[in-house]
Structure formats: C-alpha cells, structure tokens
There are 4 protein chains.
Amino acid sequence: MKSPQKPRKEPRQARSRFLVETIVEAAARVFDAHGYDGANTNEVARVAGVSVGSVYQYFPNKDALVTALHERHVRHMVRILDQVDAAAGALSLREATERLVARSLEVHRTEPRLQRLLHADLPTLEQQRALSEASRAVLDRTRQLLARHSAEIVQPDLDLATYVVLRMFEELVHAAALDPPPGVEDEALRRAISDALLGYLTRAAGPTRAGSPADRP
Amino acid sequence: MKSPQKPRKEPRQARSRFLVETIVEAAARVFDAHGYDGANTNEVARVAGVSVGSVYQYFPNKDALVTALHERHVRHMVRILDQVDAAAGALSLREATERLVARSLEVHRTEPRLQRLLHADLPTLEQQRALSEASRAVLDRTRQLLARHSAEIVQPDLDLATYVVLRMFEELVHAAALDPPPGVEDEALRRAISDALLGYLTRAAGPTRAGSPADRP
Amino acid sequence: MKSPQKPRKEPRQARSRFLVETIVEAAARVFDAHGYDGANTNEVARVAGVSVGSVYQYFPNKDALVTALHERHVRHMVRILDQVDAAAGALSLREATERLVARSLEVHRTEPRLQRLLHADLPTLEQQRALSEASRAVLDRTRQLLARHSAEIVQPDLDLATYVVLRMFEELVHAAALDPPPGVEDEALRRAISDALLGYLTRAAGPTRAGSPADRP
Amino acid sequence: MKSPQKPRKEPRQARSRFLVETIVEAAARVFDAHGYDGANTNEVARVAGVSVGSVYQYFPNKDALVTALHERHVRHMVRILDQVDAAAGALSLREATERLVARSLEVHRTEPRLQRLLHADLPTLEQQRALSEASRAVLDRTRQLLARHSAEIVQPDLDLATYVVLRMFEELVHAAALDPPPGVEDEALRRAISDALLGYLTRAAGPTRAGSPADRP
DNA sequence: CATGAATGAGAGTTCATTCAT
DNA sequence: GATGAATGAACTCTCATTCAT
C-alpha cells in the first residue's frame, strides 16, 4: 500500500547514524512491548528521545521501522552464522547446530515478541524486495554452512533442505523463547531443537541424552 | 488489553448458534483478507449480513473473534487428527504423517493469512486460558497419535516430542502454504515436511526420493 | 487525489437529513471563517454539535464538504434565477439583471469568503464530474434566461455569451461583497455591475445616471 | 495570522538580490504546481537550490512568498500596461484593449494556477497594506490608460470604471486561461473579452464577428 | 550569512464500542 | 434481541519554523 521502504536519507554523518540507531533501538523496545499495531510512532520517538519528525526524517513510515528491525535481526543472525561458520572446520555438524541454537535462543529471549512479529507481520508488509534481499543473506550463509557439512547430510536437494531447516530453526527457537513447554530444562529444550534439525538433515540424530542405546525397551 | 474473552452469551437457541457461525465465517474471510489490524468489526458485520450490534451481542470485542477463529481452527485440526487416528491401526507412522501433512496443507491454503495470524497474533492476545484450553485438544490428540506409534518413536519424552512436532508441523505447513520455496513440486514439499517430522521422531526417516532400499544397512 | 466525493450515505431518514444539513451549515461557517486550509474537520464537527465520526459518516473527506457547500450555493443561485425567470415576461432584461445582482449581492455578503473559496479552491479539487454537473444547472438557467431575451441581445454565440456573463457576474458580485471600491454607494455599485453585464450583452446599456440623452448618435 | 509581511532584509547586495529572485521563481513554480497549501517551503528551497534557512532569511514566512509573488505579478502587469500606454496615442481604445488581453492571456497561461491563487488566496492573507500598495500601481496605470481615452468612455466615474474594468479583465483572463469554454477559438475568446470590457466602457462595442457594418463610424 | 537537522503542534481520518430506538 | 447511527480517542504523517554549527 505504501511505497517507500528504505530510509529517506542515508545517514552519512556520524551523528545521524547514531540517531538512526537510537530510533531503531527504541522501535525494537516499543514493538516488542506492544506488537505492530499496538506500537505507535510517537511512542517510538518518545522512547528514542527525539521528535516524531526526526523519526520520519529517516523512516518514511511505520513499516519502514519494521523493515529496519528486520534488517537488524538479519545482521545479528548473519553475525552468529559467520562465527560458527568460521569455526566450521573444527566443529561437527552437531556441535555447530547446538552452538547456533544456543546463541539464537539468547537473541530471541531478549525480544521474544519482536522476533515473532518480524516473522509474522513482515510478510504482510509490502516491498518484498528489501525483505528478500536481507533474508537472502541468512539463506546464503545457512546454505553455505550446510554445504560445508554435505558429507553428513542426507538430503539431496540442498536448497530445499536450507528452506526447511531455516523454518524449523526459527520456529523452534521462537517457540522455545516465547512459550516453552512446561517443566522442560533449558538444556533439554536446546537438545530437542538440535535433534529435530539433525534428524532431518542427517537422520543420524536422535536422542543421545543417555549415550546408551535403546531408550526404550 | 481488554479483559473478557469468552462470548457473553452461550448461544442456546438454534437461531443464535447459526448467527454465531455466520459471524465467525465472516470474520474468517475478513481477517484472512486484511490481517488483524486491517480487519474491522463493522466489516465483519457487513460481510456476515448482520449489524455490528449483533456481533457484539456474541463477541464482547474484536479479540473474541480471533479467539473464536482459533477455536474453529482447532476443531478443524482435531477432526483431521481424529480421522487419521481412527485409521491408526492400519497406517504406518509415515503414512499417517503424510496424510496429515496433505490434509493440513489443504486447510492452510484456503486461508493462509488467517492461519498465520492465528499463529502469530493470538499469543499476543491476553487470556491465555481460553487459548490453552482449545489448543490442549490438539496437543492431546497429537500425543495420543504419537503414543499409538511409540514403538517407532525414538524420543523418550513424549510430551516434549509432541511439543516439538506440533511446532514443526504447523510452521512447515504455514510456510509451504504462504511462501513455498520456488521451483519445488508440491509432492516434494509434502515429502520434505514428512521427512522432517519423521527424522525427528524416528531417526529412520530420510530421503526416500531415490527409491533405493536400505537407507541403512 | 482522493476518489469519493459524494456523501457515503444518502440520508433517507428525516433525522439524518437534518444532521447533514446541520453539518453543511457548520461547514459553511467554518470555511467562511478560516478558508479551506484553515478550516478543520474537527472544528466543523464541534460547530455542528456532532462528533467527527458523524461528519465522516456522511462526508468521506474534507473535500466532500466543500463539494456539498458548492452544491448548496448552486441550489441557492438556481432558486434566484428561477424566481427571476418566472417573472421574465414582465421584466425587461435590465430589470431582470438588476434584480439578480441585488439578490446575489445579499447572498455573497453573508458568506463572502466562502463564496470566494468556492470559486477559487474548488477547481483545484478533483472530481470535476460532480462539480460540472451542479454548475451546469446554473449555466442552463442563465442561458435560458438570456434566450428569453434574445431579441435584445447582440451577441451571436449564446453559449459563449453565457460563459462570459456568468464569469463577469460572479466576479463582480464577489468583488463588490469582499473588497468594494471605497466611497461608492451601494446602489451605484449594483448599477455598475448591471451596466457591465448589459453593456456586453446589449451594447445599449450604459450610464443612465445622467439621464442625458443620446450618448452616441 | 502572522504579523510580518515584508522581507526581513532588503537585499542590497547583488548576490542577495539574485538569491531572492531565484527563490521567488522557485516559489512561482511550486505554488503553481501545488496550490497554496500543497506548496511547502522546504520544496521551494529545494527547487531554488538553497537551504530552507536561506528562504527564511529573506521571507519571514510562507505568506511572504505569496506576497512577493503578487508583487512580481503586479510588476509584470505594470510593464505590459506601460508598454501599451506608451503607444496610447497611436492606439484606439479597442486596439489597446485587445493588445492587453492578448498579452495577459500569455502571462496567465504560463502559470494559471498561480494566478488564480494570487487572486483568491491573497485577500485571505493579512497585511492588506503591502497588497494594496502593490496593487495600487496596477490601478493607477489602468486609470491613466482609461483617462487617456476618456473621450470614448461613457462611464462618468473613472475610479469606479477602473475598478470594474480591472475585475472583469482579470477574471475573464483567468477563466480563459484555466477553464476556457469548450469549442471556442482562441481569437473568438480574446474578442469576447475585449467586447465585454469595451461594452462596459464605451457601450459601442459589440459583436464584430460579422465584419458587416462599421463598428465605428 | 548559509545550512539543514530537528522540532512538535496539528490535521485528517479510522474504527472499536455503545445505546436509544 | 437486533439495529446501526453516533461517538471520540487515538494514530500516522506533514511541514512551517528554528537555531546550532
């Protein structure tokens, strides 16, 4: 419905860049607290300690804030993926997975509703262009990580596997952050997520809690 | 934000029950078309062919409509689960899974945005009570179905497994309905979803595309 | 820019009709007092003694109020034209003209700025359709009046003459109402307007102040 | 509403004078394109290639721009009037009139909305002082031109005649530029305007389309 | 003097909700 | 019970104006 999605003004000055960051952080807090509709731009400005006008100087409309938040999230995820990828040689797929799950859970637990919102409300927003662009980064890193471990992976179609794995990953992490199953230890939860991911990718994953075999007689 | 969540008035009369159903169906159409905020109660009333007042007679506020929609969805899923469960003796876990995936995809493809909305916006709504109650039904049936196949299932904690499986299931079906990966055949997609679910549950599932036997010696 | 121009809801009930009239009258006062931009819809509602929502129930946007005001003005002018036209047999063209000028001046003096606004800002508004439609009524009556006196009229192209006469008429009346020339008696002013109109139409009109004979052989 | 109307600073320096002119030209373009409210000072600055601050250096507020535009227009009209006046001895009143009409039409056709705006919105602006002052120049030249032809003019009150003639003139030219009657040749239109003016001034003017009888003995 | 980032009051418009009929 | 006109708080976004640099 609205057209522009990118910041009106690319912040060149250090001061502006700082301002933009301040606004994005404020938006994160506000959207996390109230959801997309509950959030309002004046509140974002207030929390950022600037005037509404300044918000609109850099973000042409409310949706642009969400887009920015999404990009922020993607940058975050890419950073994590890169770190794990850097250590990929030294890490088994399971180790890499568990590390990713653990790190992601931390991220999602700081702003659980925001993450859900990004996942759910963004697709409704227009301008798939920008979204896809940013998301592609995550897609690419993930695919790259999987490729690195292709020896262990049984799924023949790597693109499809990336797609499936990313969806599972995000959803399970969201769920664990927002509505964790009652009475489950955090480690068990992380383990379950990893199991699910590796079960699909390698089929060799399974309950390894009790290293012993035969969990069931 | 608001407090009451349950219909003000349980419709005892047949006429009322019909009215309520009409309103819920209208709500389904409107929410699917416009999303939570985009939808408005006056439009729901218009589509239902009743007055706003009548909508408020049975649904104390906008959120109550979403709750009702959620219950409708749960009823739908339960029906599907029951059908599969009824045939459980005759079906292998893989067969049951594939049937569930296929049926669910149909459902989600008729009202994709609504499903996403229910998944995403509902948790934001208050009154977890009603939600959990309805959702528990799905949880229970799923657990029951898994229990019926416990011989094949490697996950020791059935509650946790149910939790994980349900999340994966819903998310993958949503994703497949709303943003399917490009260039993937429908059957391959359904297969991938089943693989993911069974990979976690049984560890024995894997790519069976290449019909080759003995995935494992 | 906006699309709808006509009231959203044709007021069928007597109460609604009254409400619409109340709002239009309030709009007249507010627009006359503050001009198009200076006026604001909340103020219109306040003056009308209703809520903004009610204004928007009948007028989809600010412009629709101006359109309604224009229609009100046109109805007014048509009424005056009809009255004069009814007596046309008994009136000379000069008498008819002077009566029209006198009546119009009264109208314009009650809401001078509004009249100016209608004349000036309306064309900027979109939806020429509705405007032309309403305006055509005035055009038609005027042409009809001129036709009735065609014997005295020297202009060969009646459509062009109607166009020219209407413009002169409106402008001179506006001017006389809003910025009258200093030190000129009201009657002299009315006379001057009539002279201008008749000078164009009949060439026989002229200053009859000094009853002097034969202004030109 | 606001008080100051005159430039804060009379531009003495050549550079400043140039700057002021640049801004006024930009304002002309912007106001013509968007109308009074649609225009905004930042856009004017942008089009002028200067900063908003610079605009405010010379024009204390938005209205001051309109006032300046009015003065620009008046200067333009005065120039035209002077040219015709210079040739007054050699020109009949009809010739002078037709020349004025033709020249004015050219002017109004370059910036039709701006002209309308000046005519319509200016009176709403405060500070009649400055306006009248500038307008007086046009008034004076026109009166002077009429005086030069007093022999042919039948209207006894020259001030009133000037007033009436100016209003007719401006309105008919505006109308011809903005909403010309359909299907009328440009020359016929110019002729009609001249006829109207001369009909009032001399009563001897009339349709001369059919060149038939001597329009003047 | 020039700049333009920042301000913030204010405007148009929507829509969940009420309640007199 | 049903209706739907009426309400009005609240929200997004604009833009005239200022002032630190």
C:Tyr58 side-chain N/O to F:dA6 phosphate OP1/OP2 under 4.0 Å: yes
Distance below 4.0 Å between A:Thr41 side-chain N/O and F:dT12 OP1 or OP2: yes
Looking only at heavy atoms, which two atoms of B:Tyr56 and B:Asn61 are closest? And how far apart? CE2-CA, 3.9 Å
Measure CG/B:Asn61 against C1'/E:dT18 and give the value in whole Å, please. 13 Å
Report the distance from atom CZ of B:Arg46 to atom CG of B:Asn40, rounding to the nearest 0.5 Å. 9.0 Å
What are the two closest non-hydrogen atoms of A:Ala68 and A:Phe59, and how far apart are they? CB-CE2, 3.7 Å
Are the side chains of D:Leu69 and D:Leu114 in touch, meaning some heavy atoms are under 4.5 Å apart? yes
Please give, in whole Å, the distance from E:dG4 P to A:Leu19 CG? 17 Å
Check the phosphate of E:dA6 against A:Ser51, side-chain N and O only, distance under 4.0 Å to OP1 or OP2. Yes or no? no
With a non-hydrogen cut-off below 4.0 angstrom, is A:Asn40 in contact with a base, only sugar-phosphate, or nothing? sugar-phosphate
In whole Å, I'd like the distance from the CZ atom of B:Phe59 to the P atom of F:dA2. 12 Å
Does D:Val50 or B:Val52 map to a spot on DNA chain E nearer the 5' end, using the closest nucleotide for each? D:Val50
Nearest-Å distance, NZ (A:Lys62) to P (E:dT13)? 19 Å
What is the distance, rounded to the nearest whole Å, between atom NE2 of B:His34 and atom C1' of E:dT14? 14 Å
Minimal non-hydrogen separation, C:Val47 against C:Ala26, with atom names: CG1-CB, 3.7 Å
Which whole-number value in Å describes the distance from D:Gln57 CD to F:dT18 P? 12 Å
Please write out each protein N/O paired with an N/O of nucleotides 19-21 of chain E under 3.5 Å, distance rounded to 0.1 Å.
none

Could you state the CD-P distance from A:Glu43 to F:dT12, rounded to the nearest angstrom? 10 Å
Hey, which of D:Arg113, D:His73, D:Arg72 is the one that makes side chain to side chain contact (heavy atoms under 4.5 Å, CB included) with D:Leu118? D:His73
Dot-bracket pairing map - DNA chain E, Watson-Crick plus G-U, both contacts under 3.5 Å, | cross-strand: .||||||||||||||||||||
How long is the span from the CZ atom in A:Arg29 to the NE2 atom in A:His34, to the nearest 0.5 Å? 11.0 Å
Which heavy atom of B:Glu111 sits nearest to which heavy atom of B:Asp32, and what is that distance? C-OD1, 3.2 Å
Would you compute the distance between atom CZ of D:Arg17 and atom OH of D:Tyr58 and round it to the nearest 0.5 angstrom? 11.0 Å
What is the distance, rounded to the nearest whole Å, between atom CZ of C:Arg46 and atom C1' of E:dG12? 17 Å
Pick the nucleotide of DNA chain F nearest each of C:Gly49 and D:Ala39; which residue has the one closer to the 5' end? C:Gly49
Looking only at non-hydrogen atoms, find the nearest pair between B:Leu117 and B:Phe31 and report the distance. CD1-O, 3.8 Å
I'd like the C1' distance from F:dT21 over to E:dC1, given in whole Å. 13 Å
